[in-house]
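Reading through the structure tokens given below for one structure.
Numbered from 1 within each chain, the chains take letters A, B, ... in sequence-line order.
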2 protein chains.
Amino acid sequence: MSKLTSELREAFRAADLRPTAQRYAVLEFLVSGRRHSTAGEIVRGVNRTGSAASRATVYNSLRALSRAGLVREVFTGGSAARFDATLHPHHHYICDLCGAIEDMAWFEVPAPAAARVLQGRHVRAYEVVYHGACRRCRNSKSGRGDI
Amino acid sequence: MSKLTSELREAFRAADLRPTAQRYAVLEFLVSGRRHSTAGEIVRGVNRTGSAASRATVYNSLRALSRAGLVREVFTGGSAARFDATLHPHHHYICDLCGAIEDMAWFEVPAPAAARVLQGRHVRAYEVVYHGACRRCRNSKSGRGDI
DNA sequence: CTGAAGGCTTAGATTTTGTCTAAGCTGACG
DNA sequence: CGTCAGCTTAGACAAAATCTAAGCCTTCAG
């Protein structure tokens, strides 16, 4: 068993999630594979790597992993939900014109300002989402960025 | 014409958007109505208030308003995209267990930390999205507290 | 070790969400 | 007015997500 897999097994135990081959496969795909995968991509990806999982199971697994905090659904702007493993936090930049999503390096939002508005709410994680016109759209703009 | 409507008219002019009855209706629904509506709710809501707009038009309007920065698609965690009017900025708190979305008061994220990762990107707006277990879910939990 | 019990998985149907198209309508502007 | 470009529309279409009923597997008490 790989080091990665034992790390995942530990995460499952900590989250009180019943460990199944399918859930491992989904999480492993997200941790080691591409970011921002759609559920459909995950289904195809998982079934290409020897494991097998039906569509319904992938959806169920994503929900379970999401509730456990191991996976997060990220802002898309597109028609399909996209998922990220949450082991490495990062912020997002979204172009309002073409819909592109860019990852940005992590930095902490100072606690004092946030604490006032959170009012004691439980926080497991957070991210900052920036909106604007990306470089490409700004360059190819003609008054109003032709997408 | 209501004060609200003239405010919207001004917003349209500033954004260089052709003002149509349907776009007014969509924006007005989002500004004055419930927050975080799905496209489907907007279609139903608009058509219940005397105005009329087809599904395609609502989607087109949302895209146009989004490009103009008057409306924003917010992270949901659900199966359908949700939209928010952006006239008054605020942050979001999302419950990973039940999917509830709560608005939170605005505060600024200090610029220095952000500037480093933005690397000169154009920013029109931003928001912080917090994830956790909401009060209701924490109280009604069955022994697994702070997931 | 053994055998329930309840959660997990599955295929496929179904529902929901979002996009596209072709034709007609309308706001902007001279 | 008259024209043009952009907007709206109904409905077909495509994609995404959920539901269902039956069987399988992890767990845990005995």
* Asked: Hey, are A/His92 and A/Glu102 close enough side-chain-wise for a donor-acceptor pair under 3.5 Å?
  -> no

* Distance in angstrom units between A/Tyr59 OH and C/dT14 C1', rounded -> 14 Å

* According to a strict under-4.0 Å criterion, is A/Arg55 in side-chain N/O contact with OP1 or OP2 of C/dT10? -> no

* **Side-chain heavy atoms of A/Leu30 within contact of A/Asp84, under 4.5 Å** => no

* Value in whole Å for how far the P atom of C/dC25 lies from CG of B/Asn60 -> 19 Å

* Euclidean distance, atom CZ of residue B/Arg82 to atom P of D/dA17 [Å, nearest integer] -> 14 Å

* In whole Å, what is the span from the CZ atom of B/Arg13 to the C1' atom of C/dA28? -> 15 Å

* Tell me: CZ of A/Phe12 to P of D/dC25, nearest whole Å? -> 18 Å

* Asked: Looking only at side-chain N and O atoms, does B/Thr57 come under 4.0 Å of OP1 or OP2 in D/dT9?
  -> yes

* Rounded to whole angstrom units, what separation is found between the CG atom of B/Leu62 and the P atom of D/dC7? -> 14 Å

* Distance test, side-chain N/O of A/Ser61 to OP1/OP2 of C/dC8, below 4.0 Å -> no

* To do: Using the closest heavy atom to pick a nucleotide of DNA chain C for each, name whichever of B/Arg44 or A/Thr20 lands nearer the 5' end.
  => A/Thr20

* Do B/Leu70 and B/Val58 sit in the same hydrophobic cluster, where Ile, Leu, Val, Met, Phe, Trp and Tyr count as joined when their side-chain heavy atoms come under 4.5 Å apart? -> yes

* For A/Ala64, report the nucleic acid contact type (base, sugar-phosphate, nothing); a contact means any heavy atom under 4.0 Å. => nothing

* Among C/dA11, C/dT17, D/dT9, the nucleotide that comes nearest once only the side chain of A/Ser54 is considered -> C/dA11

* Asked: Would you say a side-chain N or O of B/Gln22 is under 4.0 Å from OP1 or OP2 of C/dT26?
  -> no

* Asked: Does the B/Tyr126 side chain pair with the main chain of B/Val109, one donor and one acceptor, at a distance under 3.5 Å?
  -> yes

* Asked: Would you call the rings of A/Trp106 and A/His91 parallel, tilted or perpendicular, where under 30° means parallel and over 60° means perpendicular?
  -> parallel

* Structure fact -> B/Tyr24 OH to C/dG27 P, in whole Å, measures 11 Å

* Structure fact -> With the side chain defined as heavy atoms from C-beta on, B/Pro19 is closest, among D/dT18, D/dT8, C/dA28, to C/dA28

* To do: Could you check which of D/dA16, C/dT17, C/dC20 has an atom nearest any side-chain atom of B/Ala56?
  => C/dC20

* To do: Give B/Ala52 one of three labels, base, sugar-phosphate or nothing, depending on what nucleic acid heavy atoms sit under 4.0 Å from its own.
  => sugar-phosphate

